[in-house]
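Working notes, beginning with the structure itself.
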Amino acid sequence: MSKYIPVCEPTLLGNELKYVTDAVQTGWISSAGKYVREFEERFADYCGCKYGVAVCNGTVALHLALVAAGIGEGDEVIIPDFTMIATAFAVCYTGAKPVFVDADPETWNIDISKIEEKITSKTKAIIPVHLFGLMCDMDAVTDIARKHGLLVIEDAAEAHGAEYKGHRSGSVSNLAAFSFFANKNITTGEGGMVVTNDENIYNRLRYYKNVCFPLDGPRNYLHENIGYNYRMSNLVAAVGLAQVEKADEYKKMHRHNNKLYRKYLKDVSGIIFQLIPDGYLSVSWMNAILVDASKYGHTKDELCAYLKENNVDTRQLFVGMHRQPSLKKYGCDCSGEYIVTDKLTAQGLYLPSASCLNESDIYGICKLIKAFQQ
Ligand SMILES: Cc1ncc(COP(=O)(O)O)c(C=O)c1O
């Protein structure tokens with residue numbers, strides 16, 4: 001490619017500068033200020049939820065969600081083995097233990113058929129992670145949760161505006177955590193939010209997020225519980241509000257780009273995409289592919305190196321939780337086989353995925369992938 005194409009970059013085409021300038025000019029730069037509230041309301045509404053609580057990143061959004069849900073020491077929480085490390089770390093912060101379930105071979109999300117065998121008397125919650133913008137089968141997750149009296153907390157960090165049977169991510173569980181990191185479809189640079197329809201959980205989220213200052217009554221600086229400072233600043237929320245205003249546009253761009261990749265690579269043997277089953281609307285946060293070397297003729301690492309020589313940036317996919325030294329040290333059960341996760345790690349990579357890519361960029365990348373095979 002004649003120009004360098006990064007694996008991702010933010011798209012900031014709306015009112016970001018206007019709102020940030022307003023926050024600076026009016027002096028409202030901390031977590032007090034109208035943009036935090038407006039961003040919370042607009043984003044919660046976008047998800048089809050009543051309440052949103054903005055925080056400083058997606059990792060603490062998950063932690064705060066777990067705290068508000070009452071998860072703590074002695075508890076177990078089921079998570080997918082194939083996920084970003086933050087899903088597991090957030091559980092560890094509470095003192096609870098993450099318990100891993102292998103990935104589904106086609107959707108790459110948690111393998112629902114393997115959840116029940118991991119449930120014990122200590123299990124309190126399931127965290128389905130909507131990977132790369134594709135929601136999990138939430139009816140099946142909810143059925144299992146109901147049967148065993150468990151909470152469901154969506155890790156929707158990668159799935160803003162994704163849909164499952166007409167329901168938006170964030171709205172099909174007790175509560176859900178989002179990330180607004182710079183590479184996400186809606187971004188604030190660093191940022192996160194927890195959304196819920198439950199007023200009681202909403203109040204707990206607000207309480208623990210702000211060092212357990214009482215929600216009502218005078219500020220007497222007596223704190224009944226150990227809380228956190230997870231507040232988002234008004235400056236950051238100003239960017240967030242501008243992003244939500246454009247959310248549907250960005251979603252359209254991501255989905256369009258994913259369709260182009262699938263179209264231009266459909267005849268390349270050994271290149272495999274995540275299955276998007278009927279009834280699911282993926283927001284295609286990242287264009288992840290697997291490279292089956294026996295059919296493609298080169299490994300994923302060889303393809304990445306070739307693309308790099310040609311100015312195209314890529315990234316490898318996650319390494320499974322069962323392989324994480326940190327989680328082993330923490331005391332997680334890392335024994336057993338996670339065949340699908342290991343395959344995804346061995347064969348998977350992200351192709352450039354910024355929403356602002358154009359068709360000729362994608363066509364050029366796909367041409368390189370084809371040329372390398374021949
Ligand atoms: C699935 C998942 N969960 C949680 C997070 C954590 O979000 P953050 O990076 O904003 O802390 C990420 C971030 O990439 C993620 O992909």
Side-chain angles (χ1 to χ4, degrees), residues 6-10 39 43 47 52-67 71 77-94 98 100-101 103-104 107-110 125-136 138 141 152-162 169-170 173 175-195 209 228-233 236-237 239-240 243 254 274 282-288 315-321 324 326-327 341 344-345 348-350 353-354:
V7 75
C8 205
E9 59 187 314
F39 179 37
F43 187 73
C47 298
V53 176
V55 293
C56 31
N57 58 60
T59 307
V60 304
L62 277 168
H63 179 216
L64 186 68
L66 287 156
V67 170
I71 307 295
V77 177
I78 306 253
I79 69 167
D81 185 61
F82 183 65
T83 183
M84 198 256 178
I85 195 75
T87 318
F89 279 178
V91 177
C92 300
Y93 300 158
T94 67
F100 319 131
V101 172
D104 178 276
T107 67
W108 308 346
N109 279 327
I110 191 165
I126 307 174
I127 305 184
V129 182
H130 307 319
L131 284 169
F132 313 138
L134 176 71
M135 286 179 70
C136 299
M138 292 305 292
V141 173
V152 179
I153 300 172
E154 289 164 81
D155 181 342
E158 304 180 357
H160 317 70
S169 63
S173 61
L175 65 175
F178 286 86
S179 162
F180 303 119
F181 181 62
N183 63 8
K184 297 298 188 289
N185 287 15
I186 296 175
T187 182
T188 57
E190 295 281 0
M193 200 178 300
V194 187
V195 298
K209 157 186 163 172
Y228 310 90
N229 175 358
Y230 283 170
R231 299 184 299 261
M232 175 183 275
S233 82
V236 168
V239 176
Q243 288 274 303
H254 272 277
Q274 183 181 27
S282 170
V283 289
S284 301
W285 164 60
M286 277 293 194
N287 296 292
R315 287 281 183 291
Q316 72 161 70
L317 305 189
F318 307 124
V319 175
M321 297 303 103
Q324 302 295 338
S326 51
L327 298 178
T341 298
L344 294 171
T345 308
L349 65 100
Y350 297 130
S353 297

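When a ligand or atom number is given, it counts from 1 through the structure's own listing order. One is the number of the first residue; the rest follow in order along the sequence.
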May I ask you to identify the nearest protein heavy atom to [atom], giving residue, atom name and distance to one decimal place in Å?
atom: atom 3 (N) of ligand 1; answer: Asp155 OD2, 2.8 Å
atom: atom 16 (O) of ligand 1; answer: Glu158 OE2, 2.6 Å
atom: atom 12 (C) of ligand 1; answer: Met84 SD, 3.6 Å
atom: atom 2 (C) of ligand 1; answer: Ala157 CB, 3.4 Å

Mark up the atoms of ligand 1 that fall under 4.0 Å of a heavy atom belonging to [X], in ascending order.
X: Asn57; result: 10 (O), 11 (O)
X: Val129; result: 1 (C)
X: Ala86; result: 4 (C), 5 (C), 6 (C)
X: Ser179; result: 7 (O), 8 (P), 10 (O)

Is there a side-chain contact between [X] and [Y] (heavy atoms, below 4.5 Å)?
X: Glu154; Y: His130; answer: yes
X: Pro128; Y: Val152; answer: yes
X: Arg315; Y: Leu349; answer: no
X: Val319; Y: Thr345; answer: yes

**Request:** Kindly confirm or rule out an N or O of Thr59 lying under 3.5 angstrom from an N or O of ligand 1.
**Result:** yes
**Asked** Purely on distance, is any nitrogen or oxygen of Gly58 under 3.5 Å from one on ligand 1?
**Response** yes
What's the spacing between [X] [atom1] and [Y] [atom2] if we round to 0.5 Å?
X: Thr59; Y: Glu190; atom1: OG1; atom2: CD; result: 8.5 Å
X: Leu344; Y: Phe82; atom1: CG; atom2: CZ; result: 4.5 Å
X: Leu66; Y: Thr87; atom1: CG; atom2: OG1; result: 10.0 Å

**Asked** Phe180 pairs by side chain to side chain contact (heavy atoms under 4.5 Å, CB included) with which of Ile186, Val55, Asn57?
**Response** Ile186
**contact_flag Lys184 ligand 1 heavy-atom lt 4.0 Å** = yes
